[in-house]
Structures are given as structure tokens and as C-alpha cells.
Amino acid sequence: MGSLCLNYLPLPPPSSHSHSPSSSSVNYSNGNGHVSHVKLGGGVGGEGEGESLNLKPIVISGNPPTHVSAPGRRIVAVGDLHGDLDQTRCALEMAGVLSNDGQNLWTGGETVLVQLGDILDRGEDEIAILSLLRSLDIQAKAQGGAVFQVNGNHETMNVEGDFRYVDPGAFDECSNFLEYLDGYRDDWEEAFVNWIGVSTRWKEDHKMSQNYWGPWNLVKGPLWGQRPLMLEMRVFSDILGQRQKGVIARSILMRPGGKLACELARHSIVLKVNDWVFCHGGLLPHHVAYGIERLNREVSLWMRGLTETDDGPGIPFLATRGYDSVVWNRLYSRDSSEFEDYQINSILEETLEAVDARAMVVGHTPQTAGVNCKYNCSIWRIDVGMSGGVLNSRPEVLEIRDNKARVIKSKRSTFSELQAVDYT
């Protein structure tokens, strides 16, 4: 497979000739909050900048989104981010959807961006990344594009209260974010979108404060072990107090019905865009038989705390629990024997036929060889472990045009050169 080297960052967006904002409308099917269709208007080409694509509007079905019709759009898929804001920016700049001037501007025109989940855990800038993606979605819709996310296993784990993989800095971000929200009262939307613009300053202020560094400096100091026991106990108490504050803040934000849990509830477990299906782990025939819109709705309701039972919100097992659930499944991403490949290919074909899709795109399992496809490219594995908390590998993204896919990757750590592998 040949390759093409494209110099200078970022890649030109496919519809950079289209700058005029487009209209959007939302249609509700009934009064119970279930959205049946959302239409996002197509872009209009700028005068003198080439022929307009005159693309039809994007049509979104389901709440959260399940089926998306995006005629003629370029689709870009980005894998697991795990709290690494710098790597996230690099990936989005490579994809041609984020400005490289630090202004957090959408540059993708009518592009559709899909992020494959696992934004949470292993890194310290989780909320900032969520805020950035929400900001980009608002800007993209004004240009005839869109940004979608699917939730991964680390999103569902955190809503369950499983904080085993949370970075210490992420607990601090939760504390900072909860304090920051006080200044916005009930204006969640504005507060959440604006967080990406102020999160770095909050983090720096927090690290420079005496309350943050004092206890750690004492622990690491040369006199440790030579002070009175009560002083040493007080130092540890301060440290534990800071961490306890972060855990409490995270619990408040992430519990079913919490602010961040409700934000995650806006996103799907399974998303179909045109002829491509996107999910974090992998879709199986019995998931499709159960109903992907039903799965999405049940997970969303659980995250919003609206499926109360005697024991609390019911956790949708088929989507979020077990080795073969949608967010945990590794069937299509792990190493397998030739005989297993035959069986897996058969399962994949059955799944794609059931959901009427050409191919599936998944994350979840880091691919040390980079983004790749298997089974006649009917499955694409795009988690490259780019986060510093995972493999710290160079970002790669998948680009889909006219039902053909290619990988965009950096050749150098400076991202000054990009390599776009030919479409398959």
C-alpha cells in the first residue's frame, strides 16, 4: 500500500471553501424528551472559493444519537484519549478539525468527527477534553459539520463509582471544576463549554498554592522521619484531605444524575454514521438483536439517574458489563489463530449485515502497530494508546471519504510532516 507525505500541519479540511454558517433545526417527536430527528443544515460555499458541495443536511435519529445520515461528509475517527489534552490536540490538529493556534477553533468545515470513548482515566485533563469536544461540536454545527462521542468502559466505570484508574491530577481537576462551577450558578452549558479556556490556569494556580505543595515538600524533605510523630501525622492528614476532597468532588460529578454523568449521557454506546458503525469495544449479533437504540437509551437513562429501582439506578449489563458487552468486548481487536479468525469473521459479517453497515470502527485495545484493519477491512482498530498514561504513542486518526478509509499519522514527533496512507 503506497503512501503520500503531506507537509505542514494541519491537513486542509475537506470543505475549507465553506465558511458561511448554516441553519439547524431540532424536531421532537413527543413531549417526553425523546428526540426522533435532528437536522443540521449543509454548508454554503464561499464566493470565489470554488464550487459549493451543496451538501444535504445531517440528519440524526435517536436520543442519544444512534443513526446519523451525513451525505457527502468526510468522517474522521479518533481513538482513546485518556485524559491527555496535549495528545488530543495533536490528533485533532492532524485530522484538520482543530486550529493549531491554541484558540480551540473548529477548522473542519462540514467534517463529521467521531471520538471512540475512554476520555476518562489515566490522565489529568479529562474534563478539559470533554469541554473542548463540546465546544467544537457547537462550532461544527454552525458550519454544517458535527462532533459525536461514544462512551467507553472507562466512562461507565466512573459513573459506577469505580475510580481505580483515575490519575491524581484528575481528582484535582474535579475539585477545581466543582469550585469553578460555583461562579456560574445554574448555567451549566456556559460553564462547561468555557472550562477548556480556563482549566490550565486553574491547574497552575492549584499547583502553585501552598496548600497543594506544602505537604508534599515536607514528605520529600530531608528531615522526614526526624520530626515529632504528630507533625508527620498532620502532613499525611493534609495529603489525605486533599485527595479525599478530589474523590468527593468526582463522586458528586460522576454519580448517576451528576453533572458530568448527565453530560456523558448525551453520548451513545453505539453510533452508526452512514454505512459505518462506531463503538468502543465491539458490537455483536445479540447486541443488534436487543436493539442498539434501546441500548443507547438505557445507558443514557442510567447515567442520568432516571431508571430508579429499589437498589438504585439499574446498570445496563449488555452494554456495560461482562467480557462481551459493547464497551468491554475485545473479540475483534485481540490476536487470534487462523481458525479463530474464521469464526470471528463470520460473527463480524453477521453483525454488520444485521446493522446494515459496511464496516465497524472500534477502540479499547491499544494497537502497538498503529491504526489497522482486518477481515477484509470490515473492522478498523484505531486505539493507538496515544495518552501519556497508556503508551504515549504518536497520534493516528482514521479518515473516511466516500466509504473508503485511510490512516493519517505523523512521521515525526514534531508533527511537522504527516503521512496519509492510501484509501482502502
### Over 12 foreign heavy atoms within 6.0 Å of CG, Asp182
yes
### Query
Atom CG of Leu352 and atom CG of Leu348: how far apart are they, to the nearest 0.5 Å?
4.5 Å
## Note on the structure
When every non-hydrogen atom of Leu116 is compared with those of Cys279, the smallest separation belongs to CD1-O, 3.0 Å
### Salt bridge present between Asp172 and Arg243 (N-O < 4.0 angstrom)
yes
#### Entry: Sidechain N-carboxylate O distance under 4.0 Å for Glu93, Arg89
no
### Query
Should Ile127 and Trp195 be marked as a side chain to side chain contact (heavy atoms under 4.5 Å, CB included) after you check the CA-CA gap, both sets of side-chain angles, and the distance that decides it?
CA-CA 8 Å; Ile127 307 174; Trp195 177 247; 3.7 Å; yes
### Message
What verdict does the salt bridge (Lys or Arg N to Asp or Glu O under 4.0 Å) test give for Arg250 and Glu173, after you've listed the backbone C-alpha separation in whole Å, the side-chain angles of each residue and the deciding distance to 0.1 Å?
### Response
CA-CA 9 Å; Arg250 193 174 188 87; Glu173 187 187 30; over 6 Å; no
### Message
Looking only at side-chain N and O atoms, does Thr365 offer a donor or acceptor that is under 3.5 Å from a partner on Arg330?
### Response
yes
### Query
Does Asp402 come within less than 4.0 Å of Lys404, counting only side-chain N to carboxylate O?
no
## Note on the structure
Heavy atoms of Met94 and Ile408 approach each other most closely as CE-O, 3.5 Å
### Query
For the side chain of Asp84 and the backbone of Asp86, is there at least one donor-acceptor N/O pair under 3.5 Å apart?
yes
#### Entry: N/O donor-acceptor pair under 3.5 Å between Lys374 side chain and Trp380 backbone
no
### Query
Between the main-chain N or O of Gly108 and the side-chain N or O of Glu110, is there a donor-acceptor pair closer than 3.5 Å?
no
### Candidate pair Ser333 and Arg381, rule side chain to side chain donor-acceptor pair (under 3.5 Å), full reasoning
CA-CA 6 Å; Ser333 300; Arg381 294 88 68 92; 5.1 Å; no
### Query
How long is the span from the CG atom in Asn372 to the CD1 atom in Ile379, to the nearest 0.5 Å?
10.0 Å
### Polar side-chain atom of Asp383 near backbone of Gly385 as donor-acceptor pair, under 3.5 Å
yes
## Note on the structure
The salt bridge (charged side-chain N to carboxylate O under 4.0 Å, His left out) partners of Glu353 (sequence neighbours excluded) come to none
### Query
Within 45° of the six-membered ring axis of Tyr290 and under 6.0 Å from that ring's centre, is NZ or CZ of Arg294 located there?
yes
#### Entry: Minimum heavy-atom distance Val355-Lys272, with the two atoms named
O-NZ, 3.2 Å
### Query
Are side-chain heavy atoms of Leu264 and Leu120 found at a separation under 4.5 Å?
yes
### Task
Give a yes or no on whether a salt bridge exists between Glu399 and Arg401, defined as a side-chain N under 4.0 angstrom from a carboxylate O.
yes
### Task
Side-chain contact test, heavy atoms from C-beta onward, threshold under 4.5 Å: evaluate it for Trp276 versus Met360 and give yes or no.
no
### Task
Taking all non-hydrogen atoms of both residues into account, name the closest pair between Val147 and Leu133 and its distance.
CG1-O, 4.0 Å
### Task
Kindly write out the residues that satisfy disulfide bond (SG atoms under 2.5 Å apart) with Cys262, not counting sequence neighbours, or none if the list is empty.
none
### Query
Do His82 and Asp167 come within less than 4.5 Å of each other through their side chains, counting heavy atoms only?
no
### Task
Would you please test Leu398 and Val78 for side chain to side chain contact (heavy atoms under 4.5 Å, CB included) and show each step?
CA-CA 7 Å; Leu398 182 69; Val78 178; over 6 Å; no
### Query
Counting heavy atoms not belonging to Asn392, are there more than 12 under 6.0 Å from its CG?
yes
### Task
List for me each residue that meets ring-ring contact (aromatic ring centres under 6.0 Å, His included) alongside Tyr165, sequence neighbours excluded, and say none if there are none.
His154
### Task
Please check if the side chain of Gln139 supplies one atom and the backbone of Trp106 the other of a donor-acceptor pair under 3.5 Å.
yes
### Task
Dump the intermediate steps for side chain to side chain contact (heavy atoms under 4.5 Å, CB included) on Glu190 and Asp187, then the final yes or no.
CA-CA 6 Å; Glu190 182 181 359; Asp187 197 345; 2.7 Å; yes
### Heavy-atom closest contact (Thr88 atom, Ile129 atom, distance)
OG1-CD1, 3.4 Å
## Note on the structure
Taking every heavy atom of Cys174 against every heavy atom of Gly246, the minimum-distance pair comes out as CB-O, 4.2 Å
### Query
Sub-3.5 Å donor-acceptor pair from the side chain of Asn296 to the main-chain atoms of Ile269, do we have one?
yes
### Message
Once you measure the plane-to-plane angle for Phe192 and Trp188, does it fall in the parallel (<30°), tilted (30-60°) or perpendicular (>60°) bin?
### Response
parallel
### Message
Students often mix this up, so state it plainly: with edges at 30° and 60°, are the rings of His364 and Trp328 parallel, tilted or perpendicular?
### Response
perpendicular
### Query
Counting distance only, does the side-chain N/O of Gln87 pair as donor-acceptor with the main-chain N or O of Met386 below 3.5 Å?
yes
### Arg74 vs Ile400, side chain to side chain contact (heavy atoms under 4.5 Å, CB included): CA-CA, chis, key distance, verdict
CA-CA 6 Å; Arg74 169 189 184 243; Ile400 303 167; over 6 Å; no
### Message
Test your reading of the model: is there a side-chain donor-acceptor pair from Thr320 to the backbone of Pro316, 3.5 Å cut-off?
### Response
yes
### Message
Using the rule given for salt bridge (Lys or Arg N to Asp or Glu O under 4.0 Å), can you reason through Glu160 versus Arg321, listing the C-alpha separation, both sets of side-chain angles and the distance that settles it, and then say yes or no?
### Response
CA-CA 11 Å; Glu160 287 185 59; Arg321 290 284 190 91; 2.6 Å; yes
### Query
Do Gln149 and Ile119 come within less than 4.5 Å of each other through their side chains, counting heavy atoms only?
yes
#### Entry: Minimum side-chain heavy-atom gap Pro256-Trp302 below 4.5 Å
yes
### Query
Say you draw a straight line from CZ of Arg297 to OG of Ser268; how long is it, rounded to the nearest 0.5 Å?
12.0 Å
### Task
Kindly say whether Leu98 contributes a backbone atom to a donor-acceptor pair with the side chain of Thr107 at under 3.5 angstrom?
yes
### Query
Between the main-chain N or O of Ala128 and the side-chain N or O of Asp125, is there a donor-acceptor pair closer than 3.5 Å?
no
